[in-house]
> 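This is the structure I have questions about; it appears just below.
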Amino acid sequence: MRTRSSSNLVGESSPNPTTSNPKRRNRRRSKQPFSLEESPVDTMADQRTMAELLRAPTEGYAEAIVVPPILAEHFELKHSLINMMTSDQFFGLEKDNPHDHIRWFNKITSTIKYKDVPNSAIKLMLFPFSLAGAARRWLEKEPPRSILTWEDLVSKFINEFFPPSRTTNLRNEISNFEQRFGESFHEAWDRYKDLLHACPHHGFTELHQLDTFYNALNPTDQDSLNSAAGGNLLERSTQDVLTIIKNKSKVHNSRNKSIVSQVKSSDVNSSSSFEIAKLNYPVNQQTCAVTTVMIAILKQFQATPPPASVNSVEEICVTCGGAHPYYQCLTADGNQHTLTG
């Protein structure tokens, strides 16, 4: 039976773990001392005092609107233009319509002309002066240098003060428009145009607008439009329908003006009569009071029976007892004696 030689045993013996297995090596790392390395910026900052470091920054005041460079020489905004902008400012209230403000602003700035100065640059410079209250605070909170063009400014302004919810509400009012009870054709047409004007981005075509308004009218006004169109309004073009509606509105408007003038004149006459009546009222009141008292006295007099008649008192002569005064008695005259001494 063969046995393993010692050489084989030595060859098959496991290697020294301390020399062949690096994972089991017990290495000692030398501890390096930690040092705070200062950057050049920190070194420069440290040179300032604490008071300077705690002081409020004076940077970051860049405006949101970036006005393009102006090549014209000696250009400046006149105070009259700034005063014109502040005369009708937009406050950003719920009732304010940003579309109306943009229309007004474009109308004013379209008349301003400077050589070598783009009109868009003038608009960007003047627009902040047309804002006040919440609208001005909105512009001040916009990120610096975030508005580069006039189109950017209009887009952000409209989206801020005319949110999508407001657009949805106005679109619903336009789609569900109805002529009110007792509302004239002219009044209904004006109210419908106001809704369209308040939301210029409603997205309805001219055909949809005219069809909605026609279906919103009462049967009498619909028949009147059909009669003006020669039978059926829907058989005419949109341009013809719009002309017919405008003409009908003008006729009703002129009639309403004449009626209003008559009402005003009658109001003047009635007011004059009322003033005269006010002056005569105290006199009439006193007259009525006196008349009432006289009637009461008369009724009382009529109700009281007249007093009984009183017979005249007859005088009786004390001399003879006759029905005559004593100084007319004949007997007294006959019996009279003369006294003598």
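Remember, it's a predicted structure, so these values are computed and weren't measured experimentally.
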> With hydrophobic residues grouped by side-chain heavy-atom distances under 4.5 Å, do Leu139 and Leu77 end up in a single group?
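Yes; tracing contacts between hydrophobic side chains, which count when under 4.5 Å, links both residues.
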> Under 3.5 Å, side chain of Ser155 to main-chain N/O of Glu151, donor-acceptor pair present?
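A pair under 3.5 Å: no.
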> For Glu63, I'd like to know if atom CD has over 12 heavy atoms of other residues, nucleotides or ligands within 6.0 Å.
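At most 12 heavy atoms, drawn from other residues, nucleotides or ligands, come within 6.0 Å of this atom.
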> Nearest heavy-atom pair of Leu170 and Cys199: which atoms, and what distance?
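Closest heavy-atom pair between Leu170 and Cys199: CD1-CB, 3.5 Å.
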> Taking ring-ring contact (aromatic ring centres under 6.0 Å, His included) as the test, write out the residues that go with Phe75, two or more places apart.
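Partners of Phe75 under the ring-ring contact (aromatic ring centres under 6.0 Å, His included) test: Tyr114.
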> Roughly how far apart are Leu217 CG and Leu233 CG, rounded to 0.5 Å?
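Reported value, rounded in 0.5 Å steps: 9.5 Å.
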> Under 3.5 Å, is there a donor on one side chain and an acceptor on the other for Ser237 and Asp240?
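The criterion, which ignores hydrogens and geometry beyond distance, is satisfied for Asp240 and Ser237.
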> Once you round to the nearest 0.5 Å, how far does CD1 of Ile122 lie from NZ of Lys113?
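With rounding to 0.5 Å, CD1 (Ile122) is 8.5 Å from NZ (Lys113).
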> Mark yes or no for whether Ser249, through its side chain, and Ile245, through its backbone, hold a donor-acceptor pair below 3.5 Å.
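No; zero donor-acceptor contacts below 3.5 Å.
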> Please check: side-chain N/O of Ser175 versus main-chain N/O of Asn172, any donor-acceptor pairing under 3.5 Å?
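No: the side chain of Ser175 does not pair with the backbone of Asn172.
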> Return yes if a side-chain donor-acceptor contact under 3.5 Å exists between Asp152 and Thr149, otherwise no.
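Yes, because at least one side-chain N or O of Asp152 sits under 3.5 Å from a partner of the opposite role on Thr149.
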> Where do Phe162 and Phe157 land on the side-chain contact (heavy atoms from CB on, under 4.5 Å) test, with the steps shown first?
CA-CA 8 Å; Phe162 207 101; Phe157 178 71; over 6 Å; no
> Restricting to non-hydrogen atoms, name the atom on Glu187 and the atom on Gly182 that form the minimum distance, rounded to 0.1 Å.
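That would be OE1-O, 4.4 Å.
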> What heavy-atom pair brings Arg166 and Asp96 nearest, and what distance separates the two atoms?
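Taking Arg166 first and Asp96 second, the nearest heavy atoms are NH1-O, 3.1 Å.
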> Is there a side-chain contact (heavy atoms from CB on, under 4.5 Å) between Thr167 and His202 once you walk through the steps?
CA-CA 7 Å; Thr167 301; His202 50 71; over 6 Å; no
> If hydrophobic clusters are built from ILVMFWY residues whose side chains come within less than 4.5 Å, do Val117 and Val66 share one?
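Unlinked, Val117 and Val66 end up in two clusters.
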> Do Trp189 and Lys248 come within less than 4.5 Å of each other through their side chains, counting heavy atoms only?
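They are not in side-chain contact.
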> Return yes when atom CZ of Arg145 has more than 12 non-hydrogen atoms of other residues, nucleotides or ligands closer than 6.0 Å, and no otherwise.
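For Arg145, atom CZ is not crowded (no more than 12 foreign heavy atoms under 6.0 Å).
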> Can you list the steps and then say if Asn226 with Tyr214 is a side-chain hydrogen bond (donor to acceptor under 3.5 Å, both in side chains)?
CA-CA 10 Å; Asn226 290 327; Tyr214 174 79; 3.0 Å; yes
> To check you understand the geometry: which heavy-atom pair defines the closest contact between Thr212 and Ile174, and what is its length?
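Closest approach of Thr212 to Ile174, heavy atoms only: CG2-O, 3.3 Å.
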> Between Arg191 and Asp194 (salt bridge meaning N to carboxylate O under 4.0 Å), is one present in this structure?
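Result for this pair is no, no salt bridge flagged.
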> Look at the rings of Phe185 and Phe213 and say which category their plane angle falls in: under 30° parallel, 30 to 60° tilted, over 60° perpendicular.
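Phe185 vs Phe213 ring planes: perpendicular.
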> Quick check on Glu52: does its CD atom have over 12 non-hydrogen neighbours (other residues, nucleotides or ligands) under 6.0 Å away?
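Check passes, neighbour count above 12.
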> If you round to the nearest 0.5 Å, how far is CH2 of Trp150 from CD1 of Ile65?
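Nearest 0.5 Å value for the CD1-CH2 distance: 8.5 Å.
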> So do the side chains of Arg136 and Pro128 get within less than 4.5 Å of each other, counting heavy atoms only?
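Answer no - side chains too far apart.
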> So do the side chains of Asn106 and Lys123 get within less than 4.5 Å of each other, counting heavy atoms only?
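Side-chain contact under 4.5 Å: yes.
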> Is the distance between the ring centroids of His101 and Trp104 under 6.0 Å?
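Close enough - the centres of the two rings lie under 6.0 Å apart.
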> Would you list the atom pairs, donor with acceptor, under 3.5 Å between side chains in residues 81-92 and any protein atom, with sequence neighbours excluded?
| unit_1 | atom_1 | unit_2 | atom_2 | d |
| --- | --- | --- | --- | --- |
| Asn83 | ND2 | His79 | O | 3.1 |
| Thr86 | OG1 | Ile82 | O | 3.3 |
| Thr86 | OG1 | Asn83 | O | 2.9 |
| Ser87 | OG | Met84 | O | 2.6 |
| Gln89 | NE2 | Phe129 | O | 3.0 |
| Gln89 | NE2 | Leu131 | O | 3.4 |

> Could you tell me which non-hydrogen atom of Arg103 sits nearest to which non-hydrogen atom of Pro200, and how far apart they are?
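Heavy atoms only, the tightest pair is NH2-CG, 3.3 Å.
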> With a cut-off of 6.0 Å (strictly less than), are more than 12 heavy atoms of other residues, nucleotides or ligands near NZ of Lys193?
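Yes - once you tally the heavy atoms of other residues, nucleotides and ligands closer than 6.0 Å, there are more than 12.
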> Ignoring hydrogens and geometry, is there a side-chain-to-backbone donor-acceptor pair from Tyr192 to Gln209 under 3.5 Å?
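Yes, because the side chain of Tyr192 sits within donor-acceptor range (under 3.5 Å) of the backbone of Gln209.
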> In Å and rounded to the nearest 0.5 Å, what is the CE to CD distance from Met125 to Glu76?
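It comes to 11.0 Å.
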> Considering all heavy atoms of both residues, which atom of Arg236 and which atom of Ile244 are nearest to each other, and what is their separation?
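For Arg236 versus Ile244, the nearest heavy atoms are NH1-CD1, 4.2 Å.
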> Under the rule for salt bridge (Lys or Arg N to Asp or Glu O under 4.0 Å), what residues qualify as partners of Arg137, not counting sequence neighbours?
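Here no residue qualifies.
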> Run the side-chain hydrogen bond (donor to acceptor under 3.5 Å, both in side chains) test on His197 and Asp100 for me, step by step, so that the C-alpha distance in whole Å, both residues' side-chain angles and the decisive distance to 0.1 Å come before the verdict.
CA-CA 9 Å; His197 184 79; Asp100 294 338; 3.2 Å; yes
> Do Ile158 and Leu93 share a hydrophobic cluster, counting only Ile, Leu, Val, Met, Phe, Trp and Tyr and linking them when any side-chain heavy atoms are less than 4.5 Å apart?
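They do not share one cluster, since no chain of ILVMFWY contacts under 4.5 Å joins Ile158 to Leu93.
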> For the CG atom of Leu195 and the CD atom of Glu173, what is their distance to the nearest 0.5 Å?
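Going from the CG atom of Leu195 to the CD atom of Glu173 covers 5.5 Å.
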> Parallel, tilted or perpendicular for Trp138 and Phe161, by the 30°/60° rule?
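Correct class here is perpendicular.
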> Honestly curious: do Leu207 and Val241 fall in one hydrophobic cluster under the side-chain, below-4.5 Å linking rule?
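In one cluster: no.
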> Kindly compute the distance separating CG (Asp221) from CD (Gln179), expressed to the nearest 0.5 Å.
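Rounded to the nearest 0.5 Å, the CG-CD separation comes out at 4.5 Å.
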